[in-house]
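Inspection log for the structure reproduced underneath, given as structure tokens.
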Amino acid sequence: MVEKQIKDHSLHLKELLAKAMTNKADTIKELIDYLVLSHSSGHSELILERGIALIQTHPAYIKGKNFYIVEECFFAACELQQMEWAQFFLQMIRLEHPQSIKVMRLLAVFHEAKGEMDKA
């Protein structure tokens, strides 16, 4: 995505959100990508909400190259203190990448979000 092509980010976000509400996998992914890549803070709730909808309605979509969406949902859940969802996403990541260093780093993020600094 080239940010210079978007003249009105507020309008663009509204359009992406309207398309994502149709629960089509590609439109939800497009919204999440925009929110993550535009470095817009304050959209964790939207990432988590639409990410959950994507995973629940299109579980096969997040396999392979789209698996990063699960990680983005994990970070959003941690930021929002939605620890049950964070644990759910962490378990998905563990199943996809068992015994990986990435899982250990994400586990530290999880414990930090819970305020368990000694475990982090």
Side-chain angles (χ1 to χ4, degrees):
M1 173 189 317
V2 178
E3 231 175 287
K4 292 177 184 174
Q5 294 175 348
I6 301 169
K7 294 182 179 166
D8 185 344
H9 286 278
S10 178
L11 178 62
H12 186 68
L13 178 58
K14 286 178 185 176
E15 291 170 352
L16 288 175
L17 184 55
K19 289 189 330 187
M21 296 308 280
T22 63
N23 281 338
K24 293 180 181 174
D26 288 335
T27 61
I28 295 172
K29 178 187 176 297
E30 184 180 5
L31 172 66
I32 291 172
D33 286 346
Y34 174 74
L35 293 173
V36 171
L37 295 175
S38 69
H39 304 290
S40 303
S41 61
H43 293 294
S44 292
E45 289 179 12
L46 197 49
I47 291 170
L48 183 59
E49 175 194 325
R50 295 289 79 211
I52 290 169
L54 175 63
I55 291 166
Q56 287 178 335
T57 56
H58 307 283
Y61 187 81
I62 56 145
K63 302 289 183 192
K65 67 179 182 167
N66 293 326
F67 194 78
Y68 71 91
I69 294 170
V70 176
E71 295 173 23
E72 294 301 336
C73 291
F74 167 79
F75 287 119
C78 286
E79 184 175 329
L80 295 168
Q81 294 292 301
Q82 295 290 322
M83 302 320 292
E84 288 182 20
W85 278 114
Q87 191 167 16
F88 171 79
F89 295 123
L90 183 59
Q91 185 61 30
M92 287 181 72
I93 296 165
R94 279 182 174 165
L95 291 172
E96 186 74 15
H97 304 288
Q99 307 295 323
S100 76
I101 298 298
K102 176 186 274 190
V103 171
M104 297 305 291
R105 286 194 305 265
L106 295 178
L107 186 58
V109 170
F110 177 75
H111 286 298
E112 183 179 342
K114 287 177 66 176
E116 298 172 340
M117 299 307 171
D118 55 324
K119 290 183 179 180

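Because the structure is predicted, anything quoted here is derived from the model rather than measured.
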Between [X] and [Y], is any pair of side-chain heavy atoms under 4.5 Å apart?
X: I28; Y: N23; value: yes
X: R94; Y: L107; value: yes
X: M21; Y: R50; value: yes
X: K119; Y: K114; value: no
X: L31; Y: I47; value: no
X: I62; Y: M92; value: yes
X: I6; Y: Y34; value: yes
X: L35; Y: E72; value: no

Can you tell me how far the [atom1] atom of [X] sits from the [atom2] atom of [Y], to the nearest 0.5 Å?
X: E49; Y: H43; atom1: CD; atom2: NE2; value: 13.0 Å
X: E30; Y: K24; atom1: CD; atom2: NZ; value: 12.0 Å
X: H58; Y: D26; atom1: NE2; atom2: CG; value: 8.5 Å
X: H111; Y: M83; atom1: NE2; atom2: CE; value: 9.0 Å
X: F88; Y: Q82; atom1: CZ; atom2: CD; value: 13.5 Å
X: I32; Y: L16; atom1: CD1; atom2: CG; value: 11.0 Å

Exercise. Near Q81 CD, under 6.0 Å, is it more than 12 heavy atoms from other residues, nucleotides or ligands?
Worked result: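 Check passes, neighbour count above 12.
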
Exercise. Is it true that atom CG of L11 has more than 12 heavy atoms of other residues, nucleotides or ligands lying nearer than 6.0 Å?
Worked result: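 Yes, CG of L11 has more than 12 neighbouring heavy atoms, counting only those of other groups under 6.0 Å.
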
Looking only at non-hydrogen atoms, find the nearest pair between [X] and [Y] and report the distance.
X: L95; Y: P98; result: O-CD, 3.6 Å
X: T27; Y: A20; result: OG1-CA, 3.6 Å
X: C73; Y: L48; result: O-CD1, 3.8 Å

Exercise. Do S44 side-chain atoms and L80 backbone N/O form a donor-acceptor pair below 3.5 Å?
Worked result: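 Between the backbone of L80 and the side chain of S44 there is no qualifying donor-acceptor contact (under 3.5 Å).
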
Exercise. Passes side chain to side chain contact (heavy atoms under 4.5 Å, CB included), F89 versus I69? Steps please.
Worked result: CA-CA 10 Å; F89 295 123; I69 294 170; over 6 Å; no

Exercise. Going by the ring-ring contact (aromatic ring centres under 6.0 Å, His included) test, which pairs reach into residues 61-84, not counting sequence neighbours?
Worked result: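 The answer is F67-H97.
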
